[in-house]
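Structure first, commentary second.
In what follows, chains carry the letters A, B, and so on, assigned in the order in which the sequence lines appear, proteins first and then strands, with residues in each chain numbered from 1. The structure displayed is predicted, hence computed values, not measured ones.
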Protein chains: 2
Amino acid sequence: MPMRLDQIDRKILAELQADGRMTNVELAKRVGISAPPCLRRVRTLEEAGYIKGYHAEVDARELGFEVQVFAMVGLASQAESDLTAFEDRCRAWPLVRECHMLNGEVDFILKCAAPDLSSFQRFLTGDLLTTHNVASVKTSLVIRVAKDDPGVSFDVLEERLAETA
Amino acid sequence: MPMRLDQIDRKILAELQADGRMTNVELAKRVGISAPPCLRRVRTLEEAGYIKGYHAEVDARELGFEVQVFAMVGLASQAESDLTAFEDRCRAWPLVRECHMLNGEVDFILKCAAPDLSSFQRFLTGDLLTTHNVASVKTSLVIRVAKDDPGVSFDVLEERLAETA
DNA sequence: GGTGAAACTTGGGACAG
DNA sequence: CTGTCCCAAGTTTCACC
């Protein structure tokens with residue numbers, strides 16, 4: 001059900017991605033319509049699934065999560081039931097924030113956030129490496145984050161639409 | 001300036017991470033205080049940098065971003081000026097959503113979102129691979145996303161505080 | 001941290017293009 | 001079908017205890 005978005009809808013999505021707590025009147029002003037139709041559009045976008053939720057972005061380090069790690073995981077068996085079994089495990093581990101299935105030599109990449117190295121090591125050796133079917137894990141500590149933008153670039157989207165038109 | 005957070009502050013952060021558009025009265029009810037002090041706490045948390053922003057989570061695939069890619073980048077020189085030069089480049093590329101500097105064999109991991117494979121290939125061969133000092137790039141397409149939670153786990157934080165106390 | 005009151009925002013209804 | 005105007009209910013945010 002690919003509902004068509006006009007330029008105003010795309011602007012709404014871009015604005016809410018940048019500032020999800022913007023009031024509806026401010027949003028309406030920015031996209032150039034009055035508040036009621038703007039709110040209707042937002043509700044429609046939410047119900048159609050274009051907006052999946054709203055989240056505060058918290059500072060992990062200030063909160064005491066000193067350690068961020070990317071873990072590249074290879075499985076022994078890539079049968080669909082084994083893949084979903086591993087994904088279910090990842091969803092249950094709170095240290096694992098993201099789990100993406102990849103093509104190529106590595107099967108999954110996990111983004112993890114832990115309070116310190118020792119709690120990550122406990123997770124790695126006690127949980128991840130002892131999980132059935134996990135064949136290899138390579139971990140890389142994040143030294144620093146140079147860029148961490150949410151979602152997608154609406155500039156790229158507008159470019160893409162311009163060249164298709 | 002590591003301001004101390006009490007249990008109510010942590011609850012506020014957890015709730016706003018889960019639903020950043022929650023009204024202040026609803027938030028106040030959930031954390032067990034009345035609305036005005038709740039709002040004061042939120043403002044303080046924002047100003048102290050614990051909350052860095054609020055964002056709508058948009059559905060990349062429904063918006064026409066079919067392709068998500070992780071790119072592992074190695075540089076020829078890891079001098080600080082060369083590292084920051086590469087980071088500046090990443091911040092300027094809209095297709096690159098995240099750029100993390102890592103320890104180990106690979107220097108950076110990039111998370112990219114592109115409308116289709118050909119526009120990603122154009123970025124890869126035209127921009128990334130032709131950038132001065134980029135020595136190696138390994139890319140992996142995301143087949144599917146099993147988990148994509150924001151920020152950190154407040155369960156882990158509470159556990160950590162309990163065992164330190 | 002709580003209370004009360006003013007200003008604003010949300011979200012609906014009636015209506016024009 | 002989408003935008004505008006208006007209004008009641010609810011929310012934010014102030015001064016004060």
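- Along DNA chain C, the nucleotide nearest B:Ile8 and the nucleotide nearest A:Val25 are compared for position; the residue whose nucleotide lies closer to the 5' end is B:Ile8.
- A straight line from CG of B:Leu16 to P of D:dT12 spans 11 Å, rounded to a whole angstrom.
- One atom, CE of A:Met22, and another, C1' of D:dT11, lie 19 Å apart when rounded to the nearest Å.
- When the salt bridge (Lys or Arg N to Asp or Glu O under 4.0 Å) test is applied to B:Glu57, no partner is found at least two apart in sequence or on another chain.
- Summarising the geometry, the separation between NZ on A:Lys29 and P on D:dT4 is reported as 15 Å, rounded to the nearest angstrom.
- Residue A:Arg43 places none of its side-chain N or O atoms closer than 4.0 Å to OP1 or OP2 of C:dT10.
- Phosphate contact (OP1/OP2 of C:dG1, side-chain N/O of B:Ser34, threshold under 4.0 Å): absent.
- Rounding to whole angstrom units, CD1 of residue A:Ile33 and P of C:dT10 are separated by 13 Å.
- In this structure, the CG atom of B:Asp9 is 8 Å from the P atom of C:dG1, given to the nearest Å.
- Ionic pairing of B:Glu46 and B:Lys52 is not present here: no N-O contact between side-chain nitrogen and carboxylate oxygen is shorter than 4.0 angstrom.
- Closest to the side chain of A:Pro37, from the set D:dT13, D:dT4, C:dT10, is D:dT4.
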Margin query: Run the side chain to side chain contact (heavy atoms under 4.5 Å, CB included) test on A:Val69 and A:Val142 for me, step by step, so that the C-alpha distance in whole Å, both residues' side-chain angles and the decisive distance to 0.1 Å come before the verdict.
Written below: CA-CA 6 Å; A:Val69 187; A:Val142 173; over 6 Å; no
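- Between the CG atom of A:Leu5 and the P atom of D:dT2 there is a distance of 13 Å, rounded to whole Å.
- The salt bridge (Lys or Arg N to Asp or Glu O under 4.0 Å) check on A:Asp116 picks up B:Arg160, with sequence neighbours excluded.
- Residue A:Leu39 is classed as a base contact, given a heavy-atom separation below 4.0 Å to a base.
- Residue B:Glu26 contributes atom CD, which lies 13 Å from atom C1' of D:dG10 at whole-angstrom precision.
- B:Arg41 has its CZ atom 17 Å from the P atom of D:dT13, to the nearest Å.
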(request) Please test B:Leu141 against B:Leu117 for side chain to side chain contact (heavy atoms under 4.5 Å, CB included), starting from the C-alpha separation and ending with a verdict. (result) CA-CA 10 Å; B:Leu141 277 166; B:Leu117 257 185; 4.2 Å; yes
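- Distances shorter than 4.0 Å separate none of the side-chain N or O atoms of A:Arg40 from OP1 or OP2 on C:dG11.
- Taking the side chain of B:Pro36 as heavy atoms from C-beta on, and the options D:dT4, D:dC14, C:dG2, the nearest nucleotide is D:dC14.
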